Amino acid sequence: MKYLCLVYLEESRLDELPDEDCVAYDTAIRSSGRCLASEALQSVRTATTVRVRKGKVSVTDGPFAETKEQLAGFYMIEAKDLDEAIRLAAGIPPARVGSIEVRPIRPIRETVAGVDALQHASAEGS
């Protein structure tokens with residue numbers, strides 16, 4: 001099962017984590033075959049929030065919400081279950097000064113493809 005591990009921390013604490021620790025963990029989890037993708041994000045000061053309301057696009061500098069902790073990066077991992085995903089997330093270095101939100105991926109592509117295949121098969125059977 002796929003999980004997204006969202007890394008949150010106060011940007012002021014980022015200097016407490018040597019980049020080498022993060023790169024070492026990233027290298028280890030990738031070589032284990034459990035990491036599908038990962039990236040660190042630039043400062044929240046570089047964020048742009050896009051909203052569409054009643055067909056109108058609105059663009060705002062900065063993050064969507066004001067919080068103490070900001071989204072700093074992510075890991076897309078493959079784990080057999082939530083327990084394994086939590087174990088892998090606990091190894092992410094920023095967990096020592098921030099938090100890691102672990103969320104299962106909703107397999108929307110597979111779900112839609114399955115429905116489309118059923119509709120196609122049903123149409124052929126008619």
Side-chain angles (χ1 to χ4, degrees):
M1 183 166 196
K2 293 178 187 172
Y3 292 87
L4 186 62
C5 299
L6 298 168
V7 177
Y8 289 95
L9 62 109
E10 291 180 50
E11 283 191 346
S12 61
R13 301 202 66 190
L14 194 56
D15 292 338
E16 296 175 39
L17 299 165
D19 285 345
E20 294 79 11
D21 287 1
C22 296
V23 171
Y25 180 78
D26 188 74
T27 301
I29 193 169
R30 282 176 181 267
S31 64
S32 76
R34 294 286 188 219
C35 182
L36 305 173
S38 61
E39 292 294 342
L41 299 176
Q42 291 190 19
S43 169
V44 72
R45 292 185 309 273
T46 67
T48 302
T49 299
V50 177
R51 295 177 182 86
V52 179
R53 301 291 185 273
K54 298 181 181 178
K56 290 194 167 206
V57 176
S58 136
V59 178
T60 308
D61 290 340
F64 176 73
E66 294 293 323
T67 62
K68 281 182 102 175
E69 294 185 334
Q70 289 83 30
L71 182 61
F74 72 90
Y75 285 84
M76 172 80 71
I77 62 169
E78 184 77 42
K80 66 179 178 185
D81 56 26
L82 180 59
D83 290 335
E84 182 179 30
I86 291 169
R87 183 181 57 74
L88 293 169
I92 298 172
R96 299 190 304 249
V97 296
S99 61
I100 312 298
E101 179 182 342
V102 178
R103 293 178 63 179
I105 298 298
R106 186 166 57 110
I108 190 169
R109 286 179 200 83
E110 293 85 349
T111 302
V112 169
V115 168
D116 288 347
L118 284 174
Q119 289 173 343
H120 183 72
S122 181
E124 285 182 350
S126 298

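These numbers were taken from a predicted model, which means no experiment stands behind them. The figures here come from the full heavy-atom set of this structure, side chains too, leaving out hydrogens, waters and symmetry mates.
- Between the side chains of S38 and R30, at least one donor N or O sits under 3.5 Å from an acceptor N or O.
- A90 and A95 make their closest contact through O-CB, 4.1 Å (heavy atoms, listed as atom of the first residue, atom of the second, distance).
- Looking at R51 and T60, their side chains come closer than 4.5 Å, going by heavy atoms from C-beta outward.
- Smallest separation of non-hydrogen atoms from E11 and R45: OE1-NH1, 3.9 Å.
- Remark: V97 engages R13, E16, L17 in a side-chain contact (heavy atoms from CB on, under 4.5 Å) (not counting sequence neighbours).
- I108 belongs to a hydrophobic cluster with V112, counting contacts under 4.5 Å between side-chain heavy atoms of Ile, Leu, Val, Met, Phe, Trp and Tyr, direct or through other members.
- Considering only residues two or more places apart in sequence or on other chains, V57 meets the side-chain contact (heavy atoms from CB on, under 4.5 Å) condition with V50, V52, V59.
- Listed by first and then second residue, the ring pair (Phe, Tyr, Trp, His ring centres under 6.0 Å) pairs that reach into residues 14-43 are Y25-Y75, sequence neighbours excluded.
- A salt bridge (charged side-chain N to carboxylate O under 4.0 Å, His left out) check over residues 90-100, counting only residues at least two apart or in different chains, returns the pairs D21-R96.
- Listed by first and then second residue, the ring pair (Phe, Tyr, Trp, His ring centres under 6.0 Å) pairs involving residues 31-62 amount to none (not counting sequence neighbours).
- The other residues sharing a hydrophobic cluster with M76 are L4, L6, Y8, L36, L41, L71, F74, I105, where clustering joins ILVMFWY side chains under 4.5 Å apart.
- Across every non-hydrogen atom of P104 and M1, the tightest pair is CB-CE, 3.7 Å.
- The salt bridge (charged side-chain N to carboxylate O under 4.0 Å, His left out) search around E78 returns none, not counting sequence neighbours.
- The shortest side-chain heavy-atom distance between L88 and C5 does not fall under the 4.5 Å cut-off.
- For A72, the side-chain contact (heavy atoms from CB on, under 4.5 Å) test picks out V7, L9, with sequence neighbours left out.
- Among residues at least two apart or in separate chains, there is no ring pair (Phe, Tyr, Trp, His ring centres under 6.0 Å) pair with a member in residues 36-62.
- Every residue two or more places apart in sequence or in another chain that forms a side-chain contact (heavy atoms from CB on, under 4.5 Å) with E110 is listed here: P107.
- Cluster membership check: V23 does not share its hydrophobic cluster with I77, using side-chain heavy-atom separations under 4.5 Å among Ile, Leu, Val, Met, Phe, Trp and Tyr.
- Sorted by first and then second residue, the salt bridge (charged side-chain N to carboxylate O under 4.0 Å, His left out) pairs with a member in residues 85-95 read E84-R87; sequence neighbours excluded.
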